[in-house]
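Predicted, not measured: the structure shown is a model, and the values here were computed from it.
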Amino acid sequence: MKPQKSHTYNNMPLPTTITPPSLCPAPIFPPNHPHFLPRNQFPPRPIFHRPRMATLSGFIAGSQLVGSSGSGGGGDNEARTLIEYVGGGGVDVGDDLVLLIHHLQYACKKIAALVASPFNSTLGKHTGFAAGTGGSAGGSGRDAPKPLDIVSNEIILSSLRSSGKVAVMASEEDDTPTWIRDDGPFVVVTDPLDGSRNIDASIPTGTIFGIYRRLEELDHLPTEEKALLNSLQTGTRLVASGYVLYSSATIFCTSFGSGTHAFTLDHSTGDFILTHPSLKIPSRGQIYSVNDARYFDWPDGLRLYIDTVRQGKGRYPKKYSARYICSLVADFHRTLLYGGVTMNPRDHLRLVYEANPLSFLVEQAGGKGSDGKNRILSIQPVKLHQRLPLFLGSCEDMEELESYGNVQQKVNPGYEV
């Protein structure tokens with residue numbers, strides 16, 4: 001069987017090969033799967049189905065998926081998809097936001113397939129960027145983009161344009177926000193592919209996003225000005241936020257202001273299935289996540305806190321363990337499930353499209369997000385790529401950490417990760 005011709009994305013070759021039919025995996029995008037089902041075609045009640053899912057460690061098996069006891073004989077064995085959930089089966093977020101979420105989850109499925117592709121390593125040969133390039137992009141405060149960052153950014157931007165519901169997108173990969181359309185009701189801020197430097201080592205990566213409403217009172221301003229000001233809203237104004245984890249499973253975790261919920265991609269149907277409704281972070285964990293190779297650069301308060309909890313001499317009389325992946329989405333996802341605290345004590349993570357969306361999620365799950373002194377969601381951004389320390393985790397762990405006072409690292413001796 002002859003190989004197919006190479007395809008391109010933005011003039012970048014993306015070669016593919018044909019797999020013998022007997023070895024073909026179930027498609028991520030099923031044949032004839034509509035790009036979007038109009039709201040007026042949704043049934044009054046979501047139609048539940050029982051997807052075929054493998055049991056994954058730490059996740060709910062297919063036979064235990066969450067459903068509605070009122071949906072028929074299946075009871076709790078019936079499953080809800082992400083689109084069914086936001087379309088009224090769990091929360092009713094309105095037609096416009098349902099459409100936006102549909103296009104966003106579609107983009108994330110494409111990124112998941114790209115990240116897992118054996119050909120993603122060839123992208124660097126066709127972009128002008130060398131894989132592994134460090135440092136910052138110009139003077140904007142952005143990290144230098146990797147090839148997959150650029151492609152992921154384009155995938156998300158294309159999907160948001162197609163939705164017709166987004167006025168402006170602000171991304172880690174762009175120096176300034178991109179104005180999309182004047183009548184779009186929403187603003188999207190995003191880190192399209194967090195942890196992309198880990199891909200060659202097959203370490204988990206993720207997409208982070210936050211959604212705001214467009215500030216109509218700014219409509220009279222010049223495009224560049226209103227694009228920036230719409231993107232610099234405080235986290236307290238978030239309508240929704242989420243992350244997508246690309247790992248052994250692809251997890252879409254989101255909140256619309258009424259709890260945090262996680263959906264797992266079923267490759268046999270192409271749907272995100274509700275597997276973790278109303279996630280609650282434990283009030284205290286037994287894990288801290290930080291790059292403690294930088295221990296001697298830390299302030300006294302942070303060193304004392306870490307020394308105390310790992311000896312079991314803190315408020316919780318058990319020794320803490322360290323778990324650090326160096327992928328923000330992966331470290332945060334584990335913390336959300338098991339409790340504890342994940343942190344970067346130096347001015348490194350971005351307030352607008354990393355700290356705010358994740359702090360919104362952890363608060364909706366019963367935890368806290370802080371810069372070591374202040375609630376993240378209350379901080380007014382002044383620059384698109386503004387950096388700050390970030391601490392996320394269980395309430396009791398966060399309160400104990402902050403009680404040590406000096407936990408923000410202000411000495412930054414100049415390292416890339």
Working note: Asp307 + Tyr295, criterion side chain to side chain donor-acceptor pair (under 3.5 Å); need CA distance, chi angles, decisive distance, verdict. CA-CA 10 Å; Asp307 288 344; Tyr295 177 89; 2.7 Å; yes
Trace of the side chain to side chain donor-acceptor pair (under 3.5 Å) decision for Tyr246 with Thr207: CA-CA 8 Å; Tyr246 309 118; Thr207 294; 2.7 Å; yes
Check the pair Arg387, His385 against side chain to side chain contact (heavy atoms under 4.5 Å, CB included), reporting the backbone distance first and the verdict last. CA-CA 6 Å; Arg387 297 176 184 258; His385 302 290; over 6 Å; no
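Between Asn230 and Leu215 the shortest heavy-atom distance is OD1-N, 2.7 Å. Residues Pro389 and Asp347 come closest through the heavy atom pair CD-OD1, 2.8 Å. The two residues Phe391 and Gly372 come nearest to each other via the heavy atoms CD1-N, 3.4 Å. Across all non-hydrogen atoms, the minimal contact from Leu388 to Ala355 is CD2-CB, 4.0 Å. Summarising the geometry of Ile325 relative to Ala330, their closest heavy-atom pair is CD1-CB, 3.7 Å, with the distance given to 0.1 Å.
For the atom pair Leu390 CG and Asn356 CG, the distance stands at 9.5 Å (nearest 0.5 Å). Rounded to the nearest 0.5 Å, atoms OG1 (Thr254) and CG (Leu279) are 11.5 Å apart. Here the SG-CG distance, from Cys108 to Leu193, works out to 10.0 Å after rounding to the nearest 0.5 Å. Rounded to the nearest 0.5 Å, atoms OG (Ser163) and CD1 (Ile101) are 10.0 Å apart. Atoms CD1 and OG1, on Ile273 and Thr81 in that order, are 6.0 Å from each other to the nearest 0.5 Å.
Exactly one of Tyr243, Phe186, Phe252 qualifies for a ring-ring contact (aromatic ring centres under 6.0 Å, His included) with Phe209. That residue is Phe252.
Looking only at distances, no side-chain donor or acceptor of Glu354 sits under 3.5 Å from a matching main-chain atom of Ile208. Side chain of Ser394 to main chain of Pro282: a donor-acceptor pair is present (N/O by atom type, distance under 3.5 Å, no hydrogens or angles). A donor-acceptor pair is defined here as one N or O able to donate and one able to accept, closer than 3.5 Å; such a pair exists between the side chain of Arg214 and the backbone of Gly184. Looking at Gln286, its side chain does come within 3.5 Å of a backbone N or O of Lys319 through a donor-acceptor pair. Counting only distance, with no hydrogens or angles, the side chain of Arg323 and the backbone of Ile287 share no donor-acceptor pair below 3.5 Å. Side-chain atoms of Glu400 come within 3.5 Å of backbone N or O of Arg315 as a donor-acceptor pair. A donor-acceptor pair under 3.5 Å links the side-chain atoms of Ser162 to the main chain of Ser158, judged by distance alone. Judged by distance alone, with hydrogens and angles left aside, the side-chain atoms of Ser327 form a donor-acceptor pair with the main-chain N or O of Pro204 at under 3.5 Å. A donor-acceptor pair under 3.5 Å is formed between the side chain of Gln380 and the backbone N or O of Leu232. At distances below 3.5 Å, not a single donor-acceptor pair connects side-chain atoms of His276 with backbone N or O atoms of His261.
Considering only heavy atoms from C-beta on, Met343 comes within 4.5 Å of Leu302 through its side chain. With a 4.5 Å cut-off on side-chain heavy atoms, Val329 and Thr205 do not count as touching. Two residues are said to be in side-chain contact when any heavy atoms from C-beta on lie closer than 4.5 Å; Lys110 and Val151 fail this criterion. Side chains of Pro381 and Thr234 form a contact here, defined as non-hydrogen atoms less than 4.5 Å apart. Side chains of Cys253 and Leu336 form a contact here, defined as non-hydrogen atoms less than 4.5 Å apart. Looking at Val189 and Met169, their side chains never come closer than 4.5 Å, going by heavy atoms from C-beta outward. The shortest side-chain heavy-atom distance between Val244 and Thr250 falls under the 4.5 Å cut-off. Contact annotation: the side chain of Ile306 never approaches that of Asp292 to less than 4.5 Å [non-hydrogen atoms, C-beta and beyond].
Arg350 and Glu172 are joined by a salt bridge, as a carboxylate oxygen and a charged side-chain nitrogen come within less than 4.0 angstrom of each other. Using a 4.0 Å cut-off between charged side-chain N and carboxylate O, Arg181 and Asp183 make a salt bridge. A salt bridge is absent between Arg80 and Glu84: the closest approach of a Lys/Arg side-chain nitrogen to an acidic carboxylate oxygen does not fall below 4.0 angstrom.
Within a 6.0 Å radius of NZ in Lys373, no more than 12 heavy atoms belonging to other residues, nucleotides or ligands are found. Open room surrounds CD on Glu216; 12 or fewer heavy atoms of other groups in view lie less than 6.0 Å from it. Counted within 6.0 Å of CD on Glu399, heavy atoms from surrounding residues, nucleotides or ligands total more than 12; the atom is thus considered enclosed. The neighbour count for Arg213 CZ, taken as heavy atoms of other residues, nucleotides or ligands under 6.0 Å away, does not exceed 12.
Tyr320 and Asp397 are linked by a side-chain donor-acceptor pair at a separation below 3.5 angstrom, with hydrogens and angles left out of the test. In this structure, a donor-acceptor pair under 3.5 Å is absent between the side chains of Thr342 and Asp331.
Two rings, from Tyr305 and Tyr288, have their centers 6.0 Å or more apart.
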